[in-house]
Amino acid sequence: MRVIHDSGEMTAWAEAHTGVGLVPTMGFLHRGHASLMHLLRPRCARLVVSIYVNPLQFGPTEDLATYPRDLDGDLRLCAEAGVDAVFAPSSLYPPGFATGVTIGGVADVLEGPSRPGHFAGVATVVARLFGVSRCRLAAFGEKDYQQLQVIRRMVLDLALPVEIVPGPLVRDDDGVALSSRNTYLSTEDRRRARSLSEALFAVQAAARSGVTDVGALTELGVAWLNVDRLEYLSIVDAESLAAIPTLDRPARALVAAKVGRTRLIDNVAVNP
Ligand code: PAF
């Protein structure tokens, strides 16, 4: 497995190997990331994982400085997953970098107002990673469901030659969605973090049993939560992420909440 730290070297390597598939990450890898690698491995000739904690997508009061890092552990996980090259630059943007990709619509709701500039930062780094890695395929987890929709929008709007492969959200045995940020949770926080998935599963079950009123489903979900600050629990159109009054199409229930000092997000599919 090749470990590359420089953008120019990454591009030269990619140009010497056709059929690159990319799993973009910010490191501190877990089973959720590994599942994306296993998803792409049989579908591409060369599998690349990028590891880069992208400053552009963090707000001024967010956890950029403390974001967990473990490059040695990450390299072991990548080697076990059959990765061909890990791209782990210490700086990714060229001198004089002055470009930003902003996305409206799907990026303006849910996480959008809570984290101003976040999706512009994500779209910008992903566009650069696509360019540097010359990838033809890229996998994104449904854990960050809105991010997945934002990237799909960008690829469609800018006609980028990259196929987006979605990967199912991976949970721990207690139902908590895997996230590198779960490492911040105390034992007590971890117990309360379970209420996010419990709330979403309650919504899903009620929808399956025939409840279609989105207001009622939302109230039911909120009642399950045991968090310090709820940012949103919303049931929206699965593709556009627009608000819907009635469950009359494929929808997604998404939640964001603070438990202790940790901001958690989770989501499930909700179908009528
Ligand atoms: O999902 C993430 O880890 C990041 O947002 C991504 C896609 C690697 C961009 O920095």
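The first residue in the sequence is number 1, and the count goes up from there. Just follow the structure's listing: the first ligand is 1, and inside any ligand the first atom is 1.
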*May I have all residue pairs that pass side-chain hydrogen bond (donor to acceptor under 3.5 Å, both in side chains) and include part of residues 211-228, sequence neighbours excluded?*
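Matches after skipping sequence neighbours: R192-D228.
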
Check whether the side chains of [X] and [Y] place a donor and an acceptor atom closer than 3.5 Å, and report yes or no.
| X | Y | value |
| --- | --- | --- |
| T66 | D63 | no |
| N54 | Y93 | yes |
| E111 | Y232 | yes |

*Single-linkage hydrophobic cluster V176~V268, side-chain heavy atoms < 4.5 angstrom*: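 No, V176 does not connect to V268 through the hydrophobic network.
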
*Look at D172 together with R190 and state whether they make a salt bridge at an N to O cut-off of under 4.0 Å.*
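Salt bridge: yes.
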
Short N or O contacts of ligand 1 with protein, under 3.5 Å, listed by atom name?
unit_1: ligand 1; atom_1: 1 (O); unit_2: Q147; atom_2: NE2; d: 2.8
unit_1: ligand 1; atom_1: 5 (O); unit_2: Q57; atom_2: NE2; d: 2.9
unit_1: ligand 1; atom_1: 5 (O); unit_2: Q147; atom_2: OE1; d: 2.7
unit_1: ligand 1; atom_1: 10 (O); unit_2: Q57; atom_2: OE1; d: 2.6

